[in-house]
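All residue numbers in this chain count up from 1 along the given sequence. Remember, it's a predicted structure, so these values are computed and weren't measured experimentally.
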Amino acid sequence: MKRIFALLIGIAIVCAGHAQKDSSIRKKDRKKDVLLQTTMGDMVVRLSDSTPLHRDNFLKLVKTSFYDSVLFHRVIKNFMIQGGDPDSKHALAGAPLGNGGPNYTIPAEFRQTLFHKKGVIAAARQSDNINPQKASSGSQFYIVQGRIFSDGGLDSLETFRLNGKKIPAGNREVYKTIGGTPHLDQNYTVFGELVKGLEVLDKIAAVETSKGADRDRPRADVRILKARLVKRIKVKKQKD
């Protein structure tokens with residue numbers, strides 16, 4: 001699984017079109033949601049004020065159209081869908097992806113209240129051996145699908161994957177009802193969640209993917225057509 005999030009950060013992204021746009025973050029921007037219009041439907045992300053560095057970075061990239069036309073280049077059913085690689089915008093069929101991004105990282109912002117339940121958005125990053133601080137990619141992210149766990153499954157996870165570390169009781173209940181990927185908690189920064197579009201997440205996670213050199217890339221491109229800020233509306237939290 002570590003390979004999924006092992007990213008080579010440091011490829012500078014220079015886009016003249018972006019340079020002409022206002023990337024400053026205003027107070028009102030932080031009160032908006034982010035609409036991801038994809039080729040398989042719309043998802044709406046609500047960013048967390050508990051992770052201000054990741055929140056503002058994502059807002060900046062959305063405002064400069066960074067995510068327009070990028071692919072969900074790595075998809076694993078019952079785990080997650082990953083996007084945010086600018087190299088994917090014009091990638092040829094069959095090309096391996098996942099190495100692109102801006103020339104910066106973001107310090108980790110782990111919060112006990114933000115964990116890997118289904119529907120959260122989190123930052124991809126380089127592996128621990130070259131990134132012990134667990135700093136996040138400047139642009140690549142994933143949205144968790146995960147799976148529903150039993151008490152026995154969570155007990156086993158604590159023993160064999162988490163080296164005896166206990167999953168908080170409240171989180172356990174969420175993992176038993178909504179589902180998620182608990183082994184990633186406090187290792188990758190969660191910075192928001194879907195408030196609309198869980199069914200789109202499930203559709204994307206179910207697509208056929210490659211087993212070749214471009215492993216886990218959808219055989220038919222799944223693209224973010226446009227990402228934009230939208231007025232925040234009151235919505236009920238979605239349940240699986």
Side-chain angles (χ1 to χ4, degrees), residues 1-7 43 45-51 54 72 74-84 98 106-137 140-209 211 215-216 235-240:
M1 295 300 183
K2 289 184 178 179
R3 182 191 65 81
I4 296 167
F5 303 101
L7 306 174
M43 295 181 284
V45 177
R46 182 156 297 168
L47 302 175
S48 175
D49 292 333
S50 297
T51 52
H54 286 73
F72 282 105
R74 183 166 290 129
V75 169
I76 301 178
K77 187 176 181 180
N78 296 324
F79 187 31
M80 58 88 224
I81 63 175
Q82 183 174 337
I106 308 167
E109 294 182 288
F110 300 146
R111 305 289 183 262
Q112 290 294 334
T113 54
L114 299 176
F115 56 98
H116 282 77
K117 65 181 179 179
K118 181 178 181 178
V120 300
I121 183 171
R125 64 174 177 81
Q126 289 179 307
S127 58
D128 288 356
N129 62 323
I130 55 176
N131 179 31
Q133 295 81 20
K134 303 182 189 296
S136 300
S137 162
Q140 292 203 37
F141 65 89
Y142 58 96
I143 303 174
V144 171
Q145 184 191 39
R147 64 182 181 87
I148 294 174
F149 286 79
S150 64
D151 275 317
L154 292 172
D155 291 344
S156 179
L157 190 69
E158 288 175 341
T159 300
F160 298 107
R161 294 291 299 272
L162 302 180
N163 298 317
K165 183 179 179 181
K166 296 298 182 181
I167 299 169
N171 296 12
R172 285 181 71 100
E173 290 305 309
V174 172
Y175 288 132
K176 287 161 53 180
T177 54
I178 296 174
T181 56
H183 65 284
L184 300 180
D185 287 346
Q186 307 307 306
N187 277 296
Y188 297 84
T189 297
V190 174
F191 61 94
E193 66 178 300
L194 294 184
V195 292
K196 182 179 179 181
L198 284 180
E199 72 286 354
V200 178
L201 166 64
D202 289 338
K203 284 170 60 177
I204 296 173
V207 301
E208 184 180 359
T209 56
K211 301 297 188 291
R215 185 174 178 83
D216 300 323
V235 294
K236 293 181 179 181
K237 288 188 176 181
Q238 301 186 69
K239 294 183 179 180
D240 193 30

Indicate the atoms forming the closest heavy-atom contact of [X] with [Y], along with that distance.
X: F72; Y: G83; result: CD2-N, 4.0 Å
X: I148; Y: T177; result: CD1-O, 3.3 Å
X: P182; Y: L157; result: CG-CD2, 3.3 Å
X: N131; Y: Q126; result: ND2-O, 3.3 Å
X: T189; Y: A108; result: OG1-CA, 3.6 Å
X: I167; Y: E158; result: N-OE2, 2.8 Å

Are [X] and [Y] close enough that some pair of their side-chain heavy atoms sits under 4.5 Å apart?
X: H116; Y: Y175; value: yes
X: L194; Y: V45; value: yes
X: F79; Y: Y142; value: no
X: D216; Y: Q82; value: no
X: F115; Y: V174; value: yes

How many angstroms lie between [atom1] in [X] and [atom2] in [Y], if you round to the nearest 0.5 Å?
X: R215; Y: I76; atom1: CZ; atom2: CD1; value: 7.5 Å
X: I121; Y: L114; atom1: CD1; atom2: CG; value: 12.5 Å
X: I204; Y: E199; atom1: CD1; atom2: CD; value: 10.0 Å
X: L162; Y: Q186; atom1: CG; atom2: CD; value: 11.0 Å
X: T51; Y: I106; atom1: OG1; atom2: CD1; value: 9.5 Å
X: N187; Y: F110; atom1: CG; atom2: CZ; value: 6.0 Å

Donor-acceptor under 3.5 Å ([X] side chain, [Y] main chain):
X: E109; Y: H54; value: yes
X: Q145; Y: K118; value: no
X: R74; Y: G98; value: no

So does K134 have more than 12 non-hydrogen atoms from other groups sitting under 6.0 Å from NZ?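 Above 12, so yes.
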Considering residues, nucleotides and ligands other than K166, do more than 12 of their heavy atoms fall under 6.0 Å from its NZ? no
side-chain contact (heavy atoms from CB on, under 4.5 Å), that's the test. Do L184 and M80 meet it? Break it down for me. CA-CA 11 Å; L184 300 180; M80 58 88 224; 6.0 Å; no
How would you list, by chain and number, every residue that makes a salt bridge (Lys or Arg N to Asp or Glu O under 4.0 Å) with R46, sequence neighbours excluded? D33
Qualifying residues under side-chain contact (heavy atoms from CB on, under 4.5 Å), relative to S156, sequence neighbours excluded: F160
For D151 and K176: C-alpha separation, side-chain torsions, deciding distance, then whether side-chain contact (heavy atoms from CB on, under 4.5 Å) applies. CA-CA 7 Å; D151 275 317; K176 287 161 53 180; 3.2 Å; yes
